[in-house]
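All heavy atoms count here, side chains included; hydrogens, waters and symmetry mates do not. In what follows, chains carry the letters A, B, and so on, assigned in the order in which the sequence lines appear, proteins first and then strands, with residues in each chain numbered from 1.
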Protein chains: 2
Amino acid sequence: MSDLLERLRERGWRLTAQRRVVAEVLDGDHVHLTADEVHARAIERLPEISRATVYNTLGEMVTIGEVIEVATDGRAKRYDPNAHRPHQHLVCFRCGTVRDVHPHGDPLAALPPAERFGFTVSAAEVTYRGLCPDCS
Amino acid sequence: MSDLLERLRERGWRLTAQRRVVAEVLDGDHVHLTADEVHARAIERLPEISRATVYNTLGEMVTIGEVIEVATDGRAKRYDPNAHRPHQHLVCFRCGTVRDVHPHGDPLAALPPAERFGFTVSAAEVTYRGLCPDCS
DNA sequence: TCTTGACTTAGACAAAGTCCAGGGTACGAT
DNA sequence: ATCGTACCCTGGACTTTGTCTAAGTCAAGA
């Protein structure tokens, strides 16, 4: 988190109260908030922060690779601060809860050359779906 | 396609010009249109068809499992008529082109029980990303 | 052919996200 | 410590994507 802010600064970015709050709100494990959820929590600490700033700041964090954008449901994008090590996501059908998971093996390896159609394939995102314990 | 319309009829659904046109527009391999793209093409054949009807019809087709909803980019959902056999998607970073691909092995198998957090996991969607030949 | 309930339409509405002009401020320079 | 300026933030308008509703229309069985 202050780690994140430090990296922002190294990029010559100005450290503002707004950016600090967004980074703090997003900190933690298994955090997958939407932009509006981030905004709502940020307002508790900094009442005058605007939606546009939250969107801008999240976008900047995604650009430098400190935060990952996750589209689990075709609705609002979610923001995942766990960009340190590669992982995938497990989503509940009913309540939408998201967990980070670590499958073994490289998902890219399962795609044979003949199925790549000349693409230079460089990433694979896996979304596992099921019912969480609370929703069973 | 007429196959699809036949199934709709078996479910007691009325066969209308609008539904026929939506099914025709969506027919084919590697077709991944957004709802608005479907609407634009449907209008060429049936100028008075409304957006609401296109959304309704696509939703119905998804409900009966004849069409799959794909969220490749966090923007508009895309509709994939290839619901016959399981497959995954390969998306170009730059132009957004989508291809159906068939990785080998079951992606579910890569998720160990210890990584399931008590979920009843029943599906895995994989999105491969890379640059298509035209965009390289 | 008639009837009827399901389908379609246009447009209002909602949710998620982007853009802009103008005021505010972090930070290097002095 | 203060200043100047380039960059940041704000509020609100706007866009895109999708949903909902009331009223009119029509497919299909009787």
Asker: Any heavy-atom pair between the side chains of T120(B) and S136(A) that's under 4.5 Å?
Answerer: yes

Asker: Would you mind reading off the distance between L8(A) atom CG and dC27(C) atom C1', rounded to a whole angstrom?
Answerer: 16 Å

Asker: Do L33(B) and V25(B) touch side chain to side chain, with heavy atoms closer than 4.5 Å?
Answerer: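 Yes, side chains in contact.
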
Asker: Rounded to whole angstrom units, what separation is found between the CD atom of E10(B) and the P atom of dA28(D)?
Answerer: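 The distance from CD of E10(B) to P of dA28(D) comes to 14 Å, rounded to the nearest Å.
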
Asker: Without decimals, in angstroms, what is the distance between H39(A) NE2 and dG12(D) C1'?
Answerer: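 Spelled out: NE2 on H39(A) to C1' on dG12(D) is 13 Å.
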
Asker: Taking only the side-chain heavy atoms of A52(B) (C-beta and beyond), determine which of dC20(D), dG18(D), dT10(D) contains the nearest atom.
Answerer: dC20(D)

Asker: Can a side chain N or O of R9(B) be found less than 4.0 Å away from OP1 or OP2 on dA28(D)?
Answerer: yes

Asker: Return whichever of D36(B) or A17(B) has its heavy-atom-nearest nucleotide of DNA chain D closer to the 5' end.
Answerer: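 Checking each residue's closest nucleotide, the 5'-ward one belongs to D36(B).
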
Asker: With respect to the side chain of A76(B), which nucleotide from dG18(D), dG17(C), dA28(D) is positioned closest?
Answerer: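 Nearest to the side-chain atoms of A76(B), counting from C-beta on, is dG18(D).
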
Asker: Can you find a donor-acceptor pair, distance only, under 3.5 Å between R14(A) side chain and dC8(D) base?
Answerer: no

Asker: For a quick test of reading the model: is some side-chain N or O of T53(B) closer than 4.0 Å to OP1 or OP2 of dT9(C)?
Answerer: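 True: T53(B) side-chain N/O within range (under 4.0 Å) of dT9(C) OP1/OP2.
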
Asker: To the closest 0.5 Å, what do you measure between NZ (K77(A)) and OG1 (T72(A))?
Answerer: 12.5 Å

Asker: Considering only side-chain heavy atoms of L15(B), which listed nucleotide, dT9(C), dA28(D), dA15(C), is closest?
Answerer: dA28(D)

Asker: Tell me: CD of E69(A) to P of dA16(C), nearest whole Å?
Answerer: 15 Å

Asker: Both R78(A) and W13(A) contact DNA chain C. Which one's nearest nucleotide lies toward the 5' end?
Answerer: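 Looking at DNA chain C, the more 5' nearest nucleotide goes with R78(A).
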
Asker: Looking only at side-chain N and O atoms, does Q18(A) come under 4.0 Å of OP1 or OP2 in dT25(C)?
Answerer: no

Asker: May I ask you to say what T16(B) touches in the nucleic acid, namely base, sugar-phosphate or nothing, with a heavy-atom cut-off under 4.0 Å?
Answerer: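 Sugar-phosphate: the residue T16(B), judged by heavy atoms under 4.0 Å, touches backbone atoms but no base.
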
Asker: For dT18(C), take OP1 and OP2 only and decide whether either is under 4.0 Å from a side-chain N or O of Y55(A).
Answerer: no

Asker: Roughly, in whole Å, what's the span from CG in N56(B) to C1' in dA6(C)?
Answerer: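 Those two atoms, CG and C1', are 12 Å apart.
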
Asker: Could you walk me through whether R85(A) and H102(A) pass the side-chain contact (heavy atoms from CB on, under 4.5 Å) check?
Answerer: CA-CA 10 Å; R85(A) 86 186 90 273; H102(A) 302 84; 4.0 Å; yes

Asker: Between atom CG in D73(A) and atom P in dA16(C), what is the gap in whole Å?
Answerer: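 About 9 Å, once rounded to whole Å.
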
Asker: Looking only at N and O atoms, is any donor in the side chain of R51(B) or the base of dG18(D) less than 3.5 Å from an acceptor on the other one?
Answerer: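 When only heavy-atom distances are counted, R51(B) does reach the base of dG18(D) through a donor-acceptor pair under 3.5 Å.
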
Asker: Identify, between E60(A) and Y79(B), the residue whose nearest nucleotide on DNA chain D lies closer to the 5' end.
Answerer: E60(A)

Asker: My understanding is that only one of Q88(A), H30(A), H32(A) makes a side chain to side chain donor-acceptor pair (under 3.5 Å) with D100(A); could you say which?
Answerer: H32(A)

